[in-house]
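Naming: A, B, ... by sequence-line order, numbering from 1 per chain. For the numbers below, each heavy atom of this structure counts, side chains included, while hydrogens, waters and symmetry mates do not. Fair warning: this is a prediction, and the values are worked out from it, not measured in the lab.
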Amino acid sequence: VYQVFESVAKKYDVMNDSMTLGIHRVWKDIFVHKMNPSPGTLLLDVAGGTGDIAFRFINYVRSARERQLQRKLKNHQNLSWQEISKSYQEDQFKSLGDSQVVVCDINKEMLKVGKQKAEHLGYCEGLSWVLGNAEELPFDDDKFDVYTIAFGIRNVTRIDLALEEAYRVLKPGGRFLCLEFSRVSNPLLSRLYDLYSFQVIPVLGEVIAGDWKSYQYLVESIRRFPPQEEFKAMIEDAGFFKVDYQNLNSGIVAIHSGFKL
Amino acid sequence: GRAGLSRTEPRARDGRGREEEEEGEEGCYQLYPGHIPTSPLQKALLAAGSALMALSDPYRHDMVAVLGETTGCLALPNLRNKMKHHPEGYRILQERPRIRLSTLDMTRLRGLPDGSLGREYVRFLEDNKVSPDTRMPPKFVDDEELAYVIQRYREVHDLMHTLLGMPTNMLGEVVVKWFEAVQTGLPMCVLGAAFGPVRLSTRKLQVLATELVPWAIRSGRNASCILNVYYEQRWEQPVESLREEIGIFPPP
């Protein structure tokens with residue numbers, strides 16, 4: 001799997017746009033909206049490679065923070081101007097409101113691309129990039145408010161270990177969120193989806209990235225991943241409560257959610 | 001990493017196997033190292049995609065190679081037959097010589113007299129800073145012998161440059177493509193010959209149209225099949241004599 005992503009890293013984003021015709025952006029937007037992070041949230045994004053979730057998180061938290069500040073100002077309309085300017089100073093450097101995202105990925109190349117993207121797009125604060133393995137995270141227990149893994153868990157050899165690690169590093173009350181390709185139940189759509197996956201995607205891989213085999217592998221790994229209910233059971237086995245899932249596009253993609261209580 | 005071949009793992013869902021077979025016998029087995037079996041639909045998509053990509057990004061030599069493999073279904077068997085029915089070509093098909101740095105004795109070739117095939121070939125490689133090892137191995141040809149034929153065509157390409165006296169710049173490559181198009185009938189050569197000149201200046205286009213292309217076409221038509229020459233056994237032969245033997249007119 002490592003070698004697949006090494007060769008895939010640079011063209012990852014281009015390939016995602018081509019393969020999903022840009023729809024992956026919508027999926028990720030919905031994912032972060034479902035997360036609904038408030039300012040001050042500490043997020044761990046695993047297999048976050050090129051930073052798509054992390055950047056969306058920062059955007060979301062930033063606008064949430066702005067609304068928060070505006071509401072605060074409204075409530076402060078009876079204060080003196082000295083008190084108002086003092087509160088400005090306190091909040092000055094907290095455009096993110098202490099929110100932080102740690103992007104963790106097993107692959108150095110993916111992290112490199114992510115860091116470059118962050119610089120290019122102007123994301124500087126609230127971001128950390130850590131090299132690590134989802135099956136054995138380099139973090140202490142009970143540290144994070146939210147754990148996310150978007151299109152990463154199907155590449156983990158021991159999914160059960162990754163889920164246990166997710167449970168471990170989350171604070172009590174923390175939320176587990178997973179965005180992943182899943183099972184399409186509608187038979188007609190399923191056939192079309194298979195046709196597209198097996199006929200078109202490796203061709204796209206060859207033409208755009210010069211790499212047929214990696215994309216053939218990606219398509220197969222999607223088929224091997226457990227369906228919605230089975231994955232839900234696995235998440236429950238790791239100790240999460242109130243586990244639920246939401247299908248997007250009739251099950252092409254699903255968002256699974258669980259809480260550590 | 002496990003970037004393994006398609007369909008070697010058992011499927012978790014029922015009916016998967018049936019569906020795979022309906023989609024074509026892709027993923028059954030490799031016919032040669034590097035072979036990727038493809039369905040007709042995939043070949044069509046590859047041909048279209050590689051053509052577009054090769055046009056938009058001329059540095060994607062791998063796309064030119066893929067285009068050649070996916071469109072060569074008529075031309076390649078034709079070439080193979082030409083080789084089979086020629087004594088030297090037949091021997092090449094049997095012995096499957098490969099032109100690679102590891103198989104060539106560069107010092108010996110360099111020591112050959114000026115004007116000999118070996119000496120001029122080495123000179124060409126050094127002047128243009130190219131190596132015979134950069135040729136793409138075939139992936140999408142579904143016949144093991146035809147895969148060798150296209151591999152041979154790729155490896156002989158540099159020798160074509162030598163025999164035609166053309167450098168590796170855009171102009172030289174286009175001229176060689178015209179020659180190869182006439183010689184092999186490969187759609188990729190025809191497309192390359194037709195679209196290659198798009199990136200040339202008008203002055204070069206003029207020279208191309210008035211002198212080089214007509215000469216390339218005449219030579220291509222007159223010459224016997226270039227794949228039927230066992231070049232590895234002719235290093236000492238003077239280039240001019242080989243040109244005459246094959247039927248290539250002297251370059252302008």
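Contacts of A:Val200 with chain B are made by both backbone and side-chain atoms, with heavy-atom separations under 4.5 Å. Using a 4.5 Å cut-off between heavy atoms, B:Lys139 touches chain A through its side chain atoms alone.
The number of heavy atoms from other shown groups lying within 6.0 Å of NZ (B:Lys82) is above 12. The environment of A:Gln246 atom CD is dense: over 12 non-hydrogen atoms of other residues, nucleotides or ligands sit within 6.0 angstrom. Atom CD of B:Gln94 has more than 12 heavy atoms from other residues, nucleotides or ligands within 6.0 Å. Heavy-atom neighbours of B:Phe195 CZ from other residues, nucleotides or ligands within 6.0 Å: at or below the threshold of 12. Residue-environment remark: CG (A:Leu121) exceeds the threshold of 12 foreign heavy atoms within 6.0 Å.
The two residues A:Gln199 and B:Gln42 make their nearest non-hydrogen contact at OE1-CG, 3.1 Å. Taking both residues in full, the closest heavy atoms of B:Met53 and A:Val207 are given as CE-O, 3.4 Å, listed atom of the first, atom of the second, then distance. Nearest heavy atom pair, residue A:Ile208 against residue B:Arg60, reads O-NH1, 3.4 Å.
Going from atom CD of A:Glu206 over to atom CG of B:Asp62 covers 6.5 Å, rounded to the nearest 0.5 Å. Between A:Leu204 atom CG and B:Leu46 atom CG the span is 9.5 Å, to the nearest 0.5 Å.
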